[in-house]
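In what follows, a structure is listed as structure tokens, so that the remarks can point back to it.
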Amino acid sequence: VNELWLIRSPSALSRAVGSDILVTAPGREDVVRLGGTAGAVWVLMESPQTISSLVDALSHRYRAAPETIAADVERLVSELLEQGWAQSVADGDD
Amino acid sequence: MAMTDTAGLRRLASRIAGFGLEGWSAEPLGVTDRAWSPLLSTLALERLTGLAMAAVDDGWLSLPGDLAEEELLESQGKSMLWSLSLERKLVTLAEVLESARIDVVVLKGPVLAHTLYPDPSWRPFGDLDLLVRTRDWDRTTALLGTLGMRRRLPEPRPGFDKRFGKAAAFIDRDGAEVDLHRTLTPGPFGLWIDTDELVDRAISFEIGGRRLRRLDDTAVLLHASMHASLGWRPPLLWTLRDVAESARSGRVDWRDLGALAARWRVSAVLAHAFRATRSTLGAKLPAEAASFATATPRRRERRLLESYTTDRRRRGGTALATVQALPDLRSRASYVWAMLVPNREFMATRTGSPRPSYLRRWGVPLRWLGRRGSASVGR
């Protein structure tokens, strides 16, 4: 996962509500609410990102040491991939 | 004047509806504790909670405390959940219709949210609007029925929809409404529009990874203007914002818009929408729109527009205008017959009574005749 370029699934439908993001997709009944860092990750993943680029952006935004947030970002991205809200792309140009 | 009266609330909501547009008043707006509760209801009804959230984030709009901000957030959250659930249905529905080889064009909410507004959360919507060709009307309504959608109001007379109707509303099991359109507006202006041409001109856009079809940007502005001018009186604020967003998209072919307006006799409708957008939202529209707003449309168009925008509407003015706009005596007679003597099922659903009164329905045309009679005697 660390080496992959990741992006939101094209089938995902989302809306911002304050700092949270609501996400769903056609054919699914569930709607997930991504708050705080998860919402920020979702916004960044509008264009292709790697785990490192996400960690860099978030550490800058929240003024936190990269090593403090890296594990959380990895866990979150793995979850987004598992649940089909995100997918990997060939490279950062997609 | 207290800001909690109807006019005061509309002024407040109008300023929020104009948020960020060129020409809008950037002087910060503070809402008092007293005005907040009715204003929130107005914002929800006028589908302006997304714009209000953006205005609060920007610092231009200040609410009376944290509780008010939480209430706005909650209201916006509800409308976004509903919009998302409609978008899910839209993708599924479009797939079914396309697989039946029905050309379907998505109108209004989802199109405007995704292709015109800076952020789709600024443009909530309450239902789905789909346009199909008249020749596909029967197949589409039948298909919606097989999907478990129930028609809200039956057809007044067999064949009425395809000859005179604008749209039919269908409800699914979750209460979601799909307005199936055959044209863009009820009455004469809707009859003069060439729906096949609109469908032929349609372009694609993407929702949920699916390519769907929508009106091209010039037709989007035409439709937004018709909706703003002819939909409600006074125009709903979000419909005026739609006009402003589509006019400033930079993608409108103004010469083409002028040609369509002339051919479909909607120049007065466009002028009315542009003037209302400018005066209500304080928005400065592109110079091309300003020239529409100042043009003097034909007298007949203006008269017909008045059947929607004045008190004549409440007295059956739109139906009367439709009669006058129909091309021949036979279609006029069919229309009048369907209006005066719709079938029992239509009447029962419309009135909510198993034994509906035709006499009450005939009250409006009888009053017309009464007035005409006394006018003749007076002469």
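Just so you know, these numbers use all the heavy atoms, side chains as well, and skip hydrogens, waters and symmetry mates. By convention in this document, chain letters (A, B, ...) are assigned in the order of the sequence lines, proteins followed by strands, and residues within each chain are numbered from 1.
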Rounded at 0.5 Å granularity, tell me how far CG in Leu13(A) sits from CG in Leu86(B). 11.0 Å
Between Met53(B) and Val17(A), what is the shortest heavy-atom contact and its length? CE-C, 4.3 Å
Heavy-atom contact with chain A under 4.5 Å, split by part of Leu90(B): neither
Tell me, side chain or backbone of Leu72(B) under 4.5 Å from chain A's heavy atoms, or both, or neither? neither
Enumerate the inter-chain donor-acceptor pairs under 3.5 Å for chain A and chain B, one line per pair.
| from | atom 1 | to | atom 2 | distance (Å) |
| --- | --- | --- | --- | --- |
| Pro10(A) | O | Gly209(B) | N | 2.8 |
| Arg15(A) | NH1 | Glu87(B) | OE1 | 3.4 |
| Arg15(A) | NH1 | Glu87(B) | OE2 | 3.4 |
| Arg15(A) | NH2 | Glu87(B) | OE2 | 2.5 |
| Thr24(A) | OG1 | Arg88(B) | NH1 | 2.7 |
| Arg28(A) | O | Arg88(B) | NE | 3.3 |
| Arg28(A) | O | Arg88(B) | NH1 | 3.2 |
| Glu29(A) | O | Arg88(B) | NH1 | 3.4 |

Can you tell me which of Gly27(A), Ala25(A), Ala12(A) forms the most heavy-atom pairs within a distance under 4.5 Å of chain B? Ala25(A)
Is it the side chain or the backbone of Ala54(B) that comes within 4.5 Å of chain A heavy atoms, both, or neither? neither
